[in-house]
Amino acid sequence: MASSSSAFRTISSSSMKLANPKSLTHSLTNSLLPFKLRNPPPSSSLKLNSSFSLPQRSFTCKSQVTPSSESERSTKVQELNVYEMNERDRGSPAVLKLSQKTVNSLGDLVPFSNKLYTGDLQKRLGITAGICILIENKPEKKGDRYEAIYSFYFGDYGHIAVQGPYLTYEDTYLAVTGGSGIFEGAYGQVKLQQLIFPIKLFYTFYLKGIKEDLPNELLGKPVEPNTGVEPSAAAKACEPDATIANFTS
């Protein structure tokens with residue numbers, strides 16, 4: 001152990017003096033940064049330009065009904081009278097008791113189709129066709145309230161569509177919702193007079209939006225509504241002179 005211990009030499013503290021810290025830091029910096037940034041961009045070029053703006057696009061929304069077409073829509077009221085007759089030869093009306101109750105109840109349906117005559121009862125015009133939805137039974141008035149959706153067909157002249165309340169115990173007004181043929185663009189209302197439910201009804205149309213005057217063939221002086229009215233024998237038999245062209249059968 002003596003020989004090994006003698007091999008160790010005491011290192012003098014003077015030989016362990018560190019180099020100047022400042023020089024050491026400088027040398028380390030130079031060794032870790034072997035390259036230098038040449039021509040750095042000016043600091044002003046790194047600033048973002050906050051004054052930029054996105055391109056703007058504009059659009060317009062135009063009404064499909066132009067002022068000119070709206071002004072051309074006729075507000076003239078034309079009156080038309082017709083009779084609806086159930087002659088019990090069309091299997092109408094059909095009653096669908098969806099409520100499955102013995103008393104008329106909400107949801108019961110009544111599809112129907114009856115014959116249509118001019119107001120003077122001299123010509124067969126066509127038919128009605130539609131459906132009534134039972135809304136409420138009115139036992140105190142011995143009747144029912146329906147919501148009705150149906151059309152009046154006038155052969156080659158076209159048709160008129162209506163919708164609204166149908167009361168079996170009093171007169172009502174329904175809305176005219178449109179039409180075809182000479183009735184294209186029609187709007188307004190129609191008064192429904194119940195003469196004998198559901199056999200005889202009298203209607204007075206107050207039509208707007210029709211471009212031309214209604215043909216005289218449809219405008220005979222109406223027979224005063226009453227329970228005894230009947231179409232002429234010729235109209236009932238659909239004789240050629242007592243029908244309109246291609247009347248809807």
Discussion item. Do L121 and M85 make a side-chain contact, defined as non-hydrogen atoms from C-beta onward lying under 4.5 Å apart?
Written reply: yes
For [X] and [Y], work out which heavy atoms get closest and say how close.
X    : Y    : result
E79  : N81  : OE2-ND2, 3.8 Å
N226 : G228 : OD1-N, 2.8 Å
I244 : G155 : CD1-N, 3.9 Å
A235 : R124 : O-CB, 3.7 Å

Item to complete: Test R90 against I127 for side chain to side chain contact (heavy atoms under 4.5 Å, CB included), laying out the working first.
Response: CA-CA 11 Å; R90 300 179 64 84; I127 62 170; 3.8 Å; yes
From [X] [atom1] over to [Y] [atom2], what is the distance, rounded to the nearest 0.5 angstrom?
X    : Y    : atom1 : atom2 : result
K138 : Y169 : NZ    : OH    : 5.0 Å
F154 : L116 : CZ    : CG    : 5.0 Å
Q100 : S105 : CD    : OG    : 11.0 Å

Flag yes if [X] and [Y] sit in one hydrophobic cluster, no otherwise; membership is Ile, Leu, Val, Met, Phe, Trp, Tyr, and two members link when side-chain heavy atoms are under 4.5 Å apart.
X    : Y    : answer
L174 : L167 : no
Y117 : F205 : no
V162 : L80  : yes

Worksheet item: Taking atom types as modelled, is there a side-chain donor on N86 or K115 under 3.5 Å from an acceptor on the other?
Response: no
What side-chain donor-acceptor pairs closer than 3.5 Å can you find for residues 189-200, not counting sequence neighbours?
unit_1	atom_1	unit_2	atom_2	d
Q194	OE1	Y166	OH	3.4
Q194	NE2	Y166	OH	2.9
K200	NZ	T227	O	2.9
K200	NZ	V229	O	2.8
K200	NZ	E230	OE2	3.1

Discussion item. Between D108 and K101 (salt bridge meaning N to carboxylate O under 4.0 Å), is one present in this structure?
Written reply: no
Practice prompt. Keeping the roles fixed (side chain from S92, backbone from S113), state whether a donor-acceptor pair exists under 3.5 Å.
Written response: yes
Item to complete: Determine yes or no for a side-chain-to-main-chain donor-acceptor pair under 3.5 angstrom, with T177 supplying the side chain and Q163 the backbone.
Response: no
Pairs of donor and acceptor atoms involving the side chains of residues 209-225, under 3.5 Å and at least two apart or interchain, shall be tabulated with distances.
unit_1	atom_1	unit_2	atom_2	d
D213	OD1	K76	NZ	2.7
E217	OE1	Y157	OH	2.5
E217	OE2	K123	NZ	2.8

Got a list of side-chain donor-acceptor pairs under 3.5 Å for residues 178-187, not counting sequence neighbours?
unit_1	atom_1	unit_2	atom_2	d
S180	OG	H159	N	3.2
S180	OG	H159	ND1	2.7

Item to complete: Determine which pairs satisfy side-chain hydrogen bond (donor to acceptor under 3.5 Å, both in side chains) with at least one residue from residues 232-249, sequence neighbours left out, and list them in order.
Response: D156-N246
Worksheet item: Which residues pass the salt bridge (Lys or Arg N to Asp or Glu O under 4.0 Å) test with E147, sequence neighbours left out?
Response: none
Discussion item. With ring-ring contact (aromatic ring centres under 6.0 Å, His included) as the test, pick out the partner of Y150 among F152, Y153, Y146.
Written reply: F152
Under 3.5 Å, which donor-acceptor pairs link side chains of residues 128-137 to any protein atom two or more places apart or in another chain?
unit_1	atom_1	unit_2	atom_2	d
T128	OG1	E84	OE2	2.7
T128	OG1	N114	N	3.2
N137	ND2	D144	OD1	2.7

